[in-house]
Amino acid sequence: MNPQQITVLGATGSIGKSTLDVIARHPDRYQAFALTGYARLDELRALCLRFRPRYAVVPTEVAARQLQDDLRSAGLATRVLQGTDGLCEVSAHPEVDAVMAAIVGAAGLRPTLAAVEAGKKVLLANKEALVMSGALFMQAVRRSGSQLLPIDSEHNAIFQCLPSDYQRGLSKVGVRRILLTASGGPFRQMPAAGLVDVTPEQACAHPNWSMGRKISVDSASMMNKGLELIEACWLFDAQPAQVEVVVHPQSVIHSLVDYVDGSVLAQLGNPDMRTPIAHALAWPERIDSGVAPLDLFRVARLDFEAPDEQRFPCLRLARQAAEAGGCAPAMLNAANEVAVSAFLERRIRFTEIASMIGDVLEAESNTAADSLDAVLHADAKARSLAEDWLRRGGR
Ligand code: NAD
Ligand code: MG
């Protein structure tokens with residue numbers, strides 16, 4: 001059998017590199033068809049030299065010309081494309097079998113949707129795309145017959161714990177609740193007063209996972225769990241009230257499904273994203289991911305606690321947006337992206353991330369998310385309100 005052709009959107013990122021690590025272990029099964037990058041283009045060049053993809057995609061014309069020249073002089077036939085059109089082209093290309101959607105943030109929405117609309121197998125890491133456009137995204141999945149597989153470790157765990165016919169509806173298959181685990185992030189035990197002064201370096205030092213900077217800050221604020229709650233509602237057709245967040249500091253249980261007969265199924269493993277990536281790539285088969293076997297004697301204990309929405313108000317804001325529906329999740333996501341960048345640039349305090357998002361959501365009325373234009377409009381509006389907030393320095 002010919003190897004499957006895989007497009008890796010966001011190949012230079014944390015998920016992108018883990019994906020290429022798994023692909024490299026199985027050259028007989030998978031081949032990198034297209035690799036994309038946005039910054040650190042020297043790394044994209046090195047990845048191209050190693051994986052020899054048919055296409056590479058970079059953000060600008062200048063960068064495309066430079067990379068094209070470099071790759072040509074190294075003897076590669078890789079074609080370099082540019083911008084969002086280039087990303088959409090390699091997502092929907094007729095020869096592609098699966099697309100790893102691992103661009104961070106709203107920038108991944110169009111290329112991920114292009115993969116869905118082309119009926120590809122889509123491995124979804126880019127949770128922001130689904131959070132923004134949930135209803136449209138899931139409609140497109142149903143319309144095209146695209147196979148959507150979650151890469152987020154929690155959602156991949158839930159997928160593994162659900163019966164294969166879960167799409168009939170959670171209550172029909174006897175599911176009472178989804179238990180979404182959260183590590184609690186680096187500030188799980190920090191008193192509220194201490195959160196005011198935490199730095200980007202502290203926020204990005206996650207105790208269990210090594211990830212990109214944006215998702216690391218989201219984990220520290222627990223907005224990541226809020227986005228994941230919305231993600232779970234769309235992926236599994238759940239109501240927000242059916243998803244309970246459970247803080248589990250060891251990150252060994254990746255999530256659980258609670259059934260009406262009292263059975264609770266969990267998926268466990270070392271905290272290494274190559275497990276969900278390998279699971280989704282090979283599904284319904286299983287392949288080696290390079291992850292060490294779980295040593296329960298070393299883990300020794302599993303702890304659980306309730307999340308603290310006083311110290312981590314982002315979780316509450318996300319639940320409210322999930323309940324409000326419409327464009328509220330898109331606005332929440334957009335305001336959060338602006339707030340996280342501002343925090344990483346030291347323009348606002350960590351605790352102002354939630355204040356800013358709360359203010360933006362209050363200032364802007366919710367609209368129906370019935371077209372991509374409506375979603376992109378809400379995203380742009382929330383970004384501009386968030387920028388105003390920054391210029392004013394708060395309320
Ligand atoms: P990262 O910052 O390490 O990588 C992001 C990738 O996206 C890079 O390749 C970057 O070049 C590209 N990119 C950034 N901005 C872009 C733009 N405007 N246009 C095109 N490409 C752009 O991030 P990551 O940690 O790999 O996370 C990627 C996605 O996966 C995020 O949505 C994140 O929430 C999700 N995710 C990550 C992890 C993890 O362990 N890292 C776990 C679960 C989910
Ligand atoms: Mg996750």
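Just so we're clear, the structure is a prediction, and the values are computed from it rather than from any experiment.
Using a cut-off of 4.0 Å between Lys/Arg side-chain N and Asp/Glu carboxylate O, Lys214 and Asp218 are scored as salt-bridged. A salt bridge does not link Asp308 with Arg188: none of the charged nitrogens is closer than 4.0 Å to a carboxylate oxygen. Looking at Asp388 and Arg392, no side-chain N of the basic residue comes within less than 4.0 Å of a carboxylate O on the acidic one, giving no salt bridge. Between Glu285 and Arg29, at least one side-chain N (NZ, or NE/NH1/NH2) sits under 4.0 Å from a carboxylate O, which counts as a salt bridge.
Residue Arg298 qualifies as open at atom CZ: its count of foreign heavy atoms under 6.0 Å is 12 or below. Within 6.0 Å of OH in Tyr38 there are 12 or fewer heavy atoms belonging to other residues, nucleotides or ligands. No more than 12 heavy-atom neighbours from other residues, nucleotides or ligands sit within 6.0 angstrom of CG on Asp237. Counting non-hydrogen atoms of other residues, nucleotides and ligands closer than 6.0 Å to CZ of Arg319 gives a total above 12. Residue Arg79 qualifies as open at atom CZ: its count of foreign heavy atoms under 6.0 Å is 12 or below. Annotation: Glu61, atom CD; neighbour count of heavy atoms from other residues, nucleotides and ligands within 6.0 Å does not exceed 12. For Asp165, the CG atom counts as densely surrounded, since its 6.0 Å shell holds more than 12 non-hydrogen atoms of other residues, nucleotides or ligands. Residue Arg168 places its CZ atom among more than 12 non-hydrogen atoms of other residues, nucleotides or ligands, all under 6.0 Å distant.
With hydrophobic clusters built from ILVMFWY side chains whose heavy atoms lie under 4.5 angstrom apart, Val338 shares a cluster with Leu332. At a threshold of 4.5 Å between side-chain heavy atoms, the hydrophobic network of Ile, Leu, Val, Met, Phe, Trp and Tyr places Val57 and Val80 in two separate groups. Cluster membership check: Val291 does not share its hydrophobic cluster with Met100, using side-chain heavy-atom separations under 4.5 Å among Ile, Leu, Val, Met, Phe, Trp and Tyr. Taken together through direct or relayed side-chain contacts under 4.5 Å among Ile, Leu, Val, Met, Phe, Trp and Tyr, Val245 and Leu256 form parts of separate hydrophobic clusters. At a threshold of 4.5 Å between side-chain heavy atoms, the hydrophobic network of Ile, Leu, Val, Met, Phe, Trp and Tyr places Trp234 and Ile151 in one connected group.
In this structure a side-chain-to-backbone donor-acceptor pair under 3.5 Å is present from Lys225 to Thr181. No donor-acceptor distance shorter than 3.5 angstrom exists from the side chain of Ser146 to the backbone of Arg142, with no hydrogens or angles considered. At distances below 3.5 Å, not a single donor-acceptor pair connects side-chain atoms of Thr275 with backbone N or O atoms of Pro271. Side chain of His248 to main chain of Ile253: a donor-acceptor pair is present (N/O by atom type, distance under 3.5 Å, no hydrogens or angles).
Between the side chains of Asp303 and Gln250, a donor-acceptor pair is found at a separation under 3.5 Å. Remark: the Gln5 side chain and the Gln31 side chain contain an N/O donor-acceptor pair separated by less than 3.5 Å. Of the N and O atoms on the side chains of Glu128 and Asn126, at least one donor lies less than 3.5 Å from an acceptor on the other residue. Checked by atom type, the side-chain pair Asp379/Asn333 shows no donor-acceptor distance below 3.5 Å. Judged purely by distance below 3.5 Å, without hydrogens or angles, the side chains of His155 and Ser255 never pair a donor atom with an acceptor atom. Side-chain N/O atoms of Asp373 and Ser371 include no donor and acceptor closer than 3.5 Å.
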Go through the steps for Thr12 and Leu47 under the test side chain to side chain contact (heavy atoms under 4.5 Å, CB included), then give the verdict.
-> CA-CA 8 Å; Thr12 53; Leu47 291 174; 4.2 Å; yes
For the pair Glu117 and Ser144, evaluate side chain to side chain contact (heavy atoms under 4.5 Å, CB included) and give the outcome as yes or no after the intermediate values.
-> CA-CA 6 Å; Glu117 280 160 2; Ser144 69; 5.6 Å; no
Could you walk me through whether Met222 and Glu309 pass the side chain to side chain contact (heavy atoms under 4.5 Å, CB included) test, one step at a time?
-> CA-CA 9 Å; Met222 291 200 74; Glu309 291 190 1; over 6 Å; no
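For Gln267, the side-chain hydrogen bond (donor to acceptor under 3.5 Å, both in side chains) criterion is met by no residue, not counting sequence neighbours. In terms of the side chain to side chain contact (heavy atoms under 4.5 Å, CB included) criterion, residue partners of Gln4 (sequence neighbours excluded) are, by chain and number, Ile6, Tyr30, Asp97. In terms of the ring pair (Phe, Tyr, Trp, His ring centres under 6.0 Å) criterion, residue partners of His254 (sequence neighbours excluded) are, by chain and number, Trp209.
In this structure, Lys127 and Asn224 have side chains that are in contact, with non-hydrogen atoms separated by less than 4.5 Å. Annotation: side chain of Ile353 is in contact with side chain of Ile357 (closest heavy-atom distance under 4.5 Å). The side-chain heavy atoms of Pro53 and Cys48, taken from C-beta on, include a pair separated by under 4.5 Å. Glu228 has its side chain out of reach of Val131: every pair of non-hydrogen atoms, C-beta onward, lies at least 4.5 Å apart. Taking 4.5 Å as the limit, every side-chain heavy atom of Thr60 sits out of range of all side-chain heavy atoms of Gln82.
Arg176 CZ to Ser263 OG: the interatomic distance, rounded to the nearest 0.5 Å, is 9.5 Å. For the atom pair Asn270 CG and Ser251 OG, the distance stands at 11.0 Å (nearest 0.5 Å). In this structure, CG in Leu81 is found 9.0 Å from NE2 in His93, a value given to the nearest 0.5 Å.
Using a 30° and 60° split on the angle between ring planes, Phe159 and Tyr166 fall in the perpendicular class, above 60°.
Between Phe187 and Phe350, the distance from one ring center to the other falls under 6.0 angstrom.
Of the residues listed (Ile178, Asp152, Val141, Leu148), the one engaging Leu235 in a side chain to side chain contact (heavy atoms under 4.5 Å, CB included) is Leu148, and it is the only one.
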